[in-house]
Chemist: 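Okay, handing you the structure first.
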Protein chains: 2
Amino acid sequence: MAERPRPSAARALRGPATSSLDLVCCAAAGRQLVVLVQPGARGTATTLPWMVLNPASALEVASVRFARERCGRAPAWIAQVGASNEGRGHPSGAALSVSFVAVLPEGTRPPVGMMWAAVTDLEGLAPRQQAMVTAAVLVLRDRMDIAPIAFRMLAAEFTLSELQRVYELLLGRGLHKASFRRALESASLVEATDSWRSEGRGRPAQLFRYAPRKRRGVKRSVRFELLR
Amino acid sequence: MAERPRPSAARALRGPATSSLDLVCCAAAGRQLVVLVQPGARGTATTLPWMVLNPASALEVASVRFARERCGRAPAWIAQVGASNEGRGHPSGAALSVSFVAVLPEGTRPPVGMMWAAVTDLEGLAPRQQAMVTAAVLVLRDRMDIAPIAFRMLAAEFTLSELQRVYELLLGRGLHKASFRRALESASLVEATDSWRSEGRGRPAQLFRYAPRKRRGVKRSVRFELLR
DNA sequence: GAAATAGTGTCTCTTAGACACTATTTC
DNA sequence: GAAATAGTGTCTAAGAGACACTATTTC
């Protein structure tokens, strides 16, 4: 366990009923899902990027702007996770926090003073922010089949093995290679490029790009809407 | 278009940065999905039930308590929809609103001063509350396959035709009867009772109750996690 | 050639959806 | 018997997952 934020710093920022906007910025890093965190200076706690919410600007606009500011570039995808107010659990002391989950492509460098931390190995985060990370990952998992989240976690051109690895990362389980490719084929989500990439040993892989041709989320069968 | 809330009333409630908690309380009513609204008195606008958010009490607790207070009974299911702050769009004038979607079983009487209104026919709601209703219905649709939402919209005992009707209501499209029942069977979500219900003409229907025996949301195949 | 990774062809088993029924009630 | 609703048996086509391959690279 790491230390909690010092009460004095927290109180200083608390207004009559301040709200915060918090950012769970996710990326793939090999076999791990990572989150952008700010290590606490001199023994203070690690935090997610957060800002005091300005009531005058729309959440959607503010979240994108804040993400761009803190990540050095516009997020490849972003969505609201929700609001939470579990007591005392926020570094700002804000009464209410609204969190967003953003996605950056693999290989994005963390801005100065920040670092990537594996979602499975987050220590020292305030309880409310810890809960945000958990909820954010669930949002990614829930929406990956209706939003191009996996594709946004990769560069514009990627191999099918990379794409499968990201899907497996988000799902938290392995997928069958042939099935994965067949399904991808029938969904018309990607198109092949003329490029190939050779990495270390093994046959070079063809590069693909995201190019959806059918509407997404259309043809769910009864079974999956029904049960489970 | 109906009138907007009178500015005087709205301003009176606005604190330095007040937040509201809003409730989208849904139920099935025949072939329609309905929402609990409060018709405006003497030419004021229709509103969803809302309260000024007390920073001291947890959102989950406050939402359940508020739903119970306004519906006359505990909600059969409830979940947070999200936060929104699109400007001027709330009857309270609150800077930020957190909305919840609750479910009541079909046939629940509206409390005095309130009424059910079809979600497809909501007029005079403030823009922010209108957006909440839209988002709330999407939450129901998204989660109906991982939460017992359809079952909570029915009495404890129901016929399979009723259940299918609720599923169709939430999905917004018809389902194949034999497939529906087969899928229900293989999901082990319901168990038959010894009772039968005869209504008007036609063969009486057997009554079932919700009795899940398998974990839900387990066996999604690659296909549906992949595409769409 | 060995090892490693990319990519494919075929088989089987499950199941969604369609169709066509049977069953039981009210009128 | 007609009309209406409940409930079932069977067929077919699609596709998920398994298996066993082929292909192309580095060492």
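Below, chain A is the first sequence line, B the second, and so on; all start at residue 1.
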Chemist: Say you draw a straight line from CE of M51(A) to CG of D22(A); how long is it, rounded to the nearest 0.5 Å?
Modeler: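 The CG atom of D22(A) is 10.0 Å from CE of M51(A), to the nearest 0.5 Å.
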
Chemist: May I have the distance from E185(A) (atom CD) to dG7(C) (atom C1'), rounded to whole angstrom?
Modeler: 12 Å

Chemist: Counting side-chain heavy atoms from C-beta on, which of dA16(C), dA18(D), dG9(D) comes nearest to A178(B)?
Modeler: dG9(D)

Chemist: Could you check how far CZ of R181(B) sits from C1' of dT15(C), rounded to whole Å?
Modeler: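 In whole Å, dT15(C) C1' lies 18 Å from R181(B) CZ.
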
Chemist: Let me know the distance between CH2 of W196(A) and P of dT25(D), rounded to the nearest Å.
Modeler: 9 Å

Chemist: With both distances kept under 3.5 Å, what pairs with dT24(D), Watson-Crick or G-U wobble?
Modeler: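 Because both required distances fall under 3.5 Å, dT24(D) counts as paired with dA4(C).
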
Chemist: I want to check one thing: is the phosphate of dA6(D), taken as OP1 and OP2, less than 4.0 Å away from some side-chain N or O of S161(B)?
Modeler: yes

Chemist: Quick one: does T134(A)'s side chain have a donor or acceptor within less than 3.5 Å of a partner on Q130(A)'s backbone?
Modeler: yes

Chemist: Rounded to whole Å, please give me the gap between CZ in F180(A) and P in dA6(C).
Modeler: 12 Å

Chemist: What integer distance in Å separates L184(A):CG from dT8(C):P?
Modeler: 12 Å

Chemist: Which value, rounded to the nearest 0.5 Å, describes the distance between L23(B) atom CG and R70(B) atom CZ?
Modeler: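 The CZ atom of R70(B) is 8.5 Å from CG of L23(B), to the nearest 0.5 Å.
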
Chemist: Indicate whether OP1 or OP2 belonging to dA3(D) is found under 4.0 Å from a side-chain N or O atom of R201(B).
Modeler: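 So the side-chain polar atoms of R201(B) never come under 4.0 Å of the phosphate oxygens OP1 or OP2 of dA3(D).
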
Chemist: Answer yes if the ring centres of Y167(A) and F180(A) are under 6.0 angstrom apart, and no otherwise.
Modeler: yes

Chemist: To the nearest angstrom, how far is L175(A) atom CG from dG17(D) atom P?
Modeler: 8 Å

Chemist: When you measure only distances, ignoring hydrogens and angles, does the side chain of H176(B) come within 3.5 Å of the base of dA18(C) through a donor and an acceptor?
Modeler: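 Under the 3.5 Å cut-off, the side chain and the base do form a donor-acceptor pair.
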
Chemist: How many whole angstroms separate atom OH of Y167(B) from atom P of dA16(C)?
Modeler: 13 Å

Chemist: Tell which nucleotide pairs with dT12(C), taking only Watson-Crick or G-U wobble pairs whose two distances are both under 3.5 angstrom.
Modeler: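 Across any shown strand, dT12(C) pairs with dA16(D).
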
Chemist: Between the base of dA16(D) and the side chain of R182(A), is one N or O donor paired with an acceptor at under 3.5 angstrom?
Modeler: yes

Chemist: Could you check E162(B) against G202(A) and say which one's nearest nucleotide on DNA chain D is further toward the 5' end?
Modeler: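 Result of the comparison: E162(B).
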
Chemist: Hey, are R128(A) and S97(A) close enough side-chain-wise for a donor-acceptor pair under 3.5 Å?
Modeler: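 Present: a donor and an acceptor within the cut-off.
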
Chemist: Measure from the side chain of R203(A), starting at C-beta and using heavy atoms only, and say which of dT5(C), dG17(D), dA3(D) lies closest.
Modeler: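 Closest nucleotide to the R203(A) side chain: dT5(C).
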
Chemist: Taking the nucleotide of DNA chain C with the closest heavy atom to each, which residue, Q206(A) or K177(B), is nearer the 5' end?
Modeler: Q206(A)

Chemist: Atom CD of E199(A) to atom P of dT26(D): distance rounded to whole Å?
Modeler: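 Taking atom P of dT26(D) as the reference, CD of E199(A) is at 12 Å.
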
